[in-house]
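Protein chains get the first letters and strands the later ones, always in sequence-line order, with residue 1 at the start of each. This one's a predicted model, so the numbers in the text were calculated from it and none came from an experiment.
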Amino acid sequence: MIDLKELKERRDEIAQNISNRYMNVDIDEIIVLQEKRSALLQESEAYRAKRNENAQKMKAKLDKETRDAYIAEGKQIKETIAKLETELAVVETAFQEKARTIPNYAHEDAPIGKEDKDSTTVKLVGQVPTFSFKPKDHVQLGESLDLIDFDSATRVSGPKFYYLKNQAVILQMAMERYALDIVMKNGFTPFITPDIAKEEILLGIGFNPRGEESNIYNLEGTDTCLVGTAEITLGGYYANQILDRKKLPIKMCGLSHCFRREAGGAGQYSKGLYRVHQFSKLEMFIYCLPEESEHYHNLILGIEEEIFSGLGLAYRVVDTATGDLGSPAYRKFDIEAWMPGRGEEGEYGEVTSTSNCTDYQARALGIRYRDDEGSTQFVHMLNGTAIALSRAMVAVLENFQNEDGSVTIPPSLVPYTGFDRIEAL
RNA sequence: GGAGAGAUGUCCGAGUGGUCGAAGGAGACGGACUCGAAAUCCGUUGUACCGUUUACGGUACCGAGGGUUCGAAUCCCUCUCUCUCCGCCA
């Protein structure tokens, strides 16, 4: 959530930002609510002061008549307060709910635009592979090599689930460890995180845990959800805490399952492993001082590049357009790896995403540090994918397939797999 | 899952329904003493919001949420968490 004290003075800027993000938030309605709230708050506080004053007077020894008069007055005050507070609660809830929908400010360099196409490619790395044969997509490879079983998963769990089998199991674990080693080398503390989190944490991180458009699975009757990413549990880790300035930056990485409802997400671009209800992911997370967040955003991006270039994949780095940022992000870079089986002749497909959320999440979650003057400030929070195993699997299988139907294991993974080739059956 | 105990400020810990934002101690910070340090002594030492704005005033917060009362850390109810014992279990 943004700083609501700035709502009025930065009104035009906020409205412009909402429009740049193609969002539908009525800032003026929120300002009206804020003013109503403020008036009610002041009034009810004044009455509380009166109540306290009245109670103070009753401490003295009083004759019955005066005493009864004070009690009568107190009762009246009590009623007024109750009425004001009921009103206030309604306005307060509406205000908070709406205010939460205001997105974070955006970096001045973030391209303004509605969708994918408007994002800027800032970097192209590696050579897109050429094949002397018609490359298969990972669904075909998964079937022919007996690595992935979508059909059984559909029967057991439903569409968009999958079983990994045979070498794919080893390959996934190899990629997981490969990425983990690189991330740890960069000073991140490894975690295996819970796969379930409370709704209040989801909200603080900026996810919408409920409703039609939510991508999150709720656990019925519990106020908890299956996490869509370890960003949620890593970002909630320090909720409502004041961090020691000297401990910053805090660099964590978390391995978790990721659950996504993906309602209505069918179609050619979401076939196979690309868009599924459950996958595993290693996520990086950084808490840092505000003046350092841009630096650490680049650091995370650099690590992501190290991981994907280390796999020998061709990729591009994209500076995400405002319309695609998501509420909490101030700036977001995606890495899109070349996927030969995507589209007609291969296309880039998103494999990582790193966001600088500045103080947007920290404010909602109450994560602060003490500055040199001793007053509390909100930290900046950043997240980034180290590796999303399902999409990495897509990229590796499709890029390193051979004409005979086998798949070569990238050299950087061989120490982790123990084999250098998945032979055709 | 069953039985019991507890939850107070950075920490420990006291608290009769009004004099409690909260005793006392520890720690931290500032000062005095000292050549310096230790010890000792004096002082300061929460967060959030609202309003005026270097000073300041108000409101709220003693696990959370309700309730009783003119007035609640203190009484009542519900919930959460922690600890101990029993059961179950990978």
Please tabulate, one pair per line, each protein N/O and nucleotide N/O from nucleotides 19-22 of chain B that are separated by under 3.5 Å, including the distance.
unit_1 : atom_1 : unit_2   : atom_2 : d
U19(B) : O5'    : Lys59(A) : NZ     : 3.0

Walking RNA chain B from its 5' end, the first of Lys75(A) and Asn52(A) to be reached, judged by nearest nucleotide, is Asn52(A)
On the ring face of Tyr47(A), is Lys50(A) found with NZ or CZ under 6.0 Å from the centre and within 45° of the axis?
yes
So which protein nitrogen or oxygen atoms get under 3.5 Å of nucleotides 71-76 of chain B's nitrogens or oxygens?
unit_1 : atom_1 : unit_2   : atom_2 : d
G71(B) : OP2    : Lys78(A) : NZ     : 3.2

Nearest-nucleotide check on RNA chain B, Ala49(A) vs Ala72(A); residue mapping nearer the 5' end is Ala49(A)
Any carboxylate oxygen within less than 4.0 angstrom of a Lys/Arg side-chain nitrogen, looking at Asp146(A) and Lys165(A)?
yes
Grab the CZ-C1' distance between Arg48(A) and U69(B) for me, whole Å please.
15 Å
When both hydrogen-bonding distances must be under 3.5 Å and the geometry is Watson-Crick or G-U wobble, what is U84(B) paired with, if anything?
A3(B)
Quick check: Tyr287(A) with Tyr238(A) (ring centres under 6.0 Å apart)?
yes
Taking every non-hydrogen atom, the tightest pair across Ile102(A) and Ile2(A)
CG2-CD1, 3.6 Å
Checking only heavy atoms, does the side chain of Gln42(A) share a donor-acceptor pair with the base of G51(B) at less than 3.5 Å?
no
Thr354(A) side chain to Phe333(A) backbone, donor-acceptor under 3.5 Å:
no
Between Ile242(A) (CD1) and A28(B) (C1'), how many Å, whole number?
15 Å
Would you indicate what Lys50(A) reaches in the nucleic acid, counting non-hydrogen atoms under 4.0 angstrom: base, sugar-phosphate, or nothing?
nothing
Write down the partner of U10(B) under the Watson-Crick or G-U wobble criteria, each distance required to be under 3.5 Å.
A26(B)
Please confirm whether the shortest side-chain N or O distance from Thr376(A) to OP1 or OP2 of A48(B) is below 4.0 Å.
yes
Using a cut-off of strictly less than 4.0 Å, decide whether Arg370(A) has a side-chain nitrogen or oxygen near OP1 or OP2 of U45(B).
no
Using atom C1' in both nucleotides, what's the gap between G66(B) and G87(B) to the nearest angstrom?
34 Å
For Ile71(A) and G17(B), what is the distance between atoms CD1 and C1' respectively, to the nearest whole Å?
14 Å
Distance to the ring centre below 6.0 angstrom and angle to the axis at most 45 degrees; does that hold for Arg331(A) and Tyr105(A)?
no
Can you check whether Asn240(A) has a side-chain N or O nearer than 4.0 Å to OP1 or OP2 of U47(B)?
no
In whole Å, what is the span from the CD1 atom of Ile77(A) to the C1' atom of U59(B)?
15 Å
Counting side-chain heavy atoms from C-beta on, which of C50(B), G58(B), C70(B) comes nearest to Asn54(A)?
C70(B)
When you measure from the centre of the six-membered ring of Phe279(A), is the NZ or CZ of Arg391(A) closer than 6.0 Å and no more than 45° off the axis?
no
Can any side-chain N or O of Arg21(A) pair as donor or acceptor with the backbone N or O of Leu325(A) at less than 3.5 Å?
no
Euclidean distance, atom CG of residue Leu84(A) to atom C1' of C50(B) [Å, nearest integer]
15 Å
Flag this pair as yes if the NZ/CZ of Arg342(A) is under 6.0 angstrom from the six-membered ring centre of Tyr274(A) and inside a 45 degree cone about the axis; otherwise no.
yes
From the list C49(B), C70(B), G51(B), which nucleotide is the closest neighbour of the side chain of Ser38(A)?
G51(B)
Write down the distance separating the P atoms in U16(B) and C76(B), rounded off to the nearest Å.
14 Å
Side-chain heavy atoms of Asn402(A) within contact of Thr408(A), under 4.5 Å
yes
